[in-house]
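Structure record follows, encoded as structure tokens.
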Amino acid sequence: MSLYTEWNEALKNIKTQEEYQNFFKDYMAKEAECYRKILESKSPVIEGKVVDLSKHNDMTSMEYIGFLDGANTSFKESLDLDSLTEESVLKAELDWEKLLWNMHDAKAEWLYGMNEWSNIFDDDKRKKIKKDFNRSKQVIAETKIGRNDPCPCGSGKKYKKCCGK
């Protein structure tokens, strides 16, 4: 069984809310520490054997695959997680802006709020990314078609007598 399958099975096997909370409390602390080390190093490149990277980050290999799963959309080139084993050597480069954006998207305040982000972006850049993210989530209402307006289908009839029925 691949590590990625093992990770997904572990998630599926969580039965109770208490198990869920305990699992993710432990995992999210490890994930935050992993990101902290990456941001402190200022190097967007993650490379090495999966087993060595997981030990360096005080995680099991399965948990490290879970970390990579969460970060996968933030890499410049996505990883094929199914093919990774403990002995796999990986080299992946993070896109810092995409990573910060995805952390906002995941509502992971404990990650995007880290002080270590100041090693990567100044406050103005971080605020701009947050502002752009917020703008992308705004819904702009279209103008409403009145019942006596011409139908937008082009029939020439009033909306109420055509598509508005």
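In this text the structure is predicted, and so the values were computed from the model without any measurement. Numbering of residues begins at 1 and proceeds along the displayed sequence.
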**Request:** Taking all non-hydrogen atoms of both residues into account, name the closest pair between Ile129 and Glu97 and its distance.
**Result:** CD1-CG, 3.8 Å
**Request:** Return the orientation label for the Phe23 and Trp7 ring planes: parallel under 30°, perpendicular over 60°, tilted otherwise.
**Result:** tilted
**Request:** Kindly say whether Glu9 contributes a backbone atom to a donor-acceptor pair with the side chain of Asn13 at under 3.5 angstrom?
**Result:** yes
**Prompt:** For the residue pair Thr85 and Ser88, what are the closest heavy atoms and their distance?
**Reply:** N-OG, 2.7 Å
**Asked** Side chains of Ser74 and Asn102: donor-acceptor distance under 3.5 Å anywhere?
**Response** yes
**Leu11 side chain near Phe24 side chain, heavy-atom distance below 4.5 Å** = yes
**Item:** Distance in Å, Leu94 CG paired with Leu39 CG, rounded so as to fall on 0.5 Å steps
**Value:** 8.5 Å
**Request:** Taking Asp149 for its side chain and Gly146 for its backbone only, find out whether a donor-acceptor pair lies under 3.5 Å.
**Result:** yes
**Asked** Just by distance, do the side chain of Glu19 and the backbone of Lys15 share a donor-acceptor pair under 3.5 Å?
**Response** yes
**Fill in**
Distance col, row Asn119:CG vs Ile38:CD1, nearest 0.5 angstrom, shows 13.0 Å
**Prompt:** Do Tyr112 and Met114 share a hydrophobic cluster (ILVMFWY, side-chain heavy atoms under 4.5 Å, transitive)?
**Reply:** yes
**Asked** Roughly how far, to the nearest 0.5 Å, is NZ of Lys158 from CD1 of Ile145?
**Response** 15.0 Å
**Smallest separation among heavy atoms of Ser54 and Tyr64, with atom names** = CB-CB, 3.6 Å
**Fill in**
Taking every heavy atom of Tyr27 against every heavy atom of Glu63, the minimum-distance pair comes out as CE1-O, 3.7 Å
**Prompt:** Is Val89 linked to Leu79 within one hydrophobic cluster, defined over Ile, Leu, Val, Met, Phe, Trp and Tyr using a side-chain heavy-atom separation of less than 4.5 Å?
**Reply:** no
**Message:** Is there a side-chain contact between Glu87 and Val50 in this structure, where contact means two heavy atoms from C-beta onward sitting under 4.5 Å apart?
**Reply:** no
**Message:** Counting C-beta onward and ignoring hydrogens, is there a side-chain heavy-atom pair between His104 and Glu109 closer than 4.5 Å?
**Reply:** no
**Request:** Tell me, yes or no, whether the heavy-atom count around Lys160 atom NZ, taken from other residues, nucleotides or ligands under 6.0 Å, exceeds 12.
**Result:** yes
**Prompt:** So which heavy atom on Thr73 is nearest to which on Lys98, and how close?
**Reply:** O-CD, 2.9 Å
**Request:** Please check if the side chain of Asn57 supplies one atom and the backbone of Leu53 the other of a donor-acceptor pair under 3.5 Å.
**Result:** yes
**Request:** Identify whether NZ of Lys or CZ of Arg in Lys30 sits under 6.0 Å from the centre of the six-membered ring of Phe67 and within 45° of that ring's axis.
**Result:** no
**Item:** Chi angles and distances behind the side-chain contact (heavy atoms from CB on, under 4.5 Å) call for His56, Asp52
**Value:** CA-CA 6 Å; His56 174 73; Asp52 296 335; over 6 Å; no
**Request:** Mind checking the CG-CD spacing from Asp26 to Gln21? Nearest 0.5 Å is all I need.
**Result:** 13.5 Å
**Asked** From Lys12 NZ over to Thr5 OG1, what is the distance, rounded to the nearest 0.5 angstrom?
**Response** 8.5 Å
**Prompt:** Less than 4.5 Å apart, any side-chain heavy atom of Lys128 and any of Asp132?
**Reply:** yes
**Prompt:** Are Phe121 and Val45 grouped together when hydrophobic residues (ILVMFWY) are joined by side-chain heavy atoms under 4.5 angstrom apart?
**Reply:** no
**Request:** Would you please test Lys131 and Asn134 for side-chain contact (heavy atoms from CB on, under 4.5 Å) and show each step?
**Result:** CA-CA 5 Å; Lys131 188 176 181 181; Asn134 288 340; 5.8 Å; no
**Message:** Just so I know, are the side chains of Ile65 and Leu84 near enough to count as touching, which here means a heavy-atom distance under 4.5 Å?
**Reply:** yes
**Message:** Contact between Ser83 and Tyr4 at the side-chain level, heavy atoms closer than 4.5 Å - yes or no?
**Reply:** no
**Prompt:** With a 4.0 Å cut-off, would you call Asp123 and Arg126 a salt bridge?
**Reply:** yes
**Message:** Could you check whether any side-chain heavy atom of Leu68 comes within less than 4.5 Å of a side-chain heavy atom of Leu90, counting everything from C-beta outward?
**Reply:** yes
**Candidate pair Arg36 and Glu33, rule salt bridge (Lys or Arg N to Asp or Glu O under 4.0 Å), full reasoning** = CA-CA 5 Å; Arg36 187 168 281 110; Glu33 191 56 34; 3.3 Å; yes
**Message:** Counting C-beta onward and ignoring hydrogens, is there a side-chain heavy-atom pair between Ile46 and Lys91 closer than 4.5 Å?
**Reply:** no
**Proximity of Trp96 and Phe75 rings by center, below 6.0 Å** = no
**Message:** With a 4.5 Å cut-off on side-chain heavy-atom distances among I, L, V, M, F, W and Y, is there a chain of contacts connecting Leu81 to Tyr35?
**Reply:** yes
**Complete:** In this structure, OG of Ser2 is separated from CD of Glu86 (nearest 0.5 Å) by 12.0 Å
**Name of the residue among Cys163, Ser155, Cys162 meeting side-chain contact (heavy atoms from CB on, under 4.5 Å) with Tyr159** = Cys163
**Asked** Between Trp117 and Leu111, is there a donor-acceptor pair closer than 3.5 Å when you use the side chain of the first and the backbone of the second?
**Response** yes
**Request:** Taking atom NZ of Lys130 as the centre, report whether more than 12 heavy atoms of other residues, nucleotides or ligands fall under 6.0 Å from it.
**Result:** yes
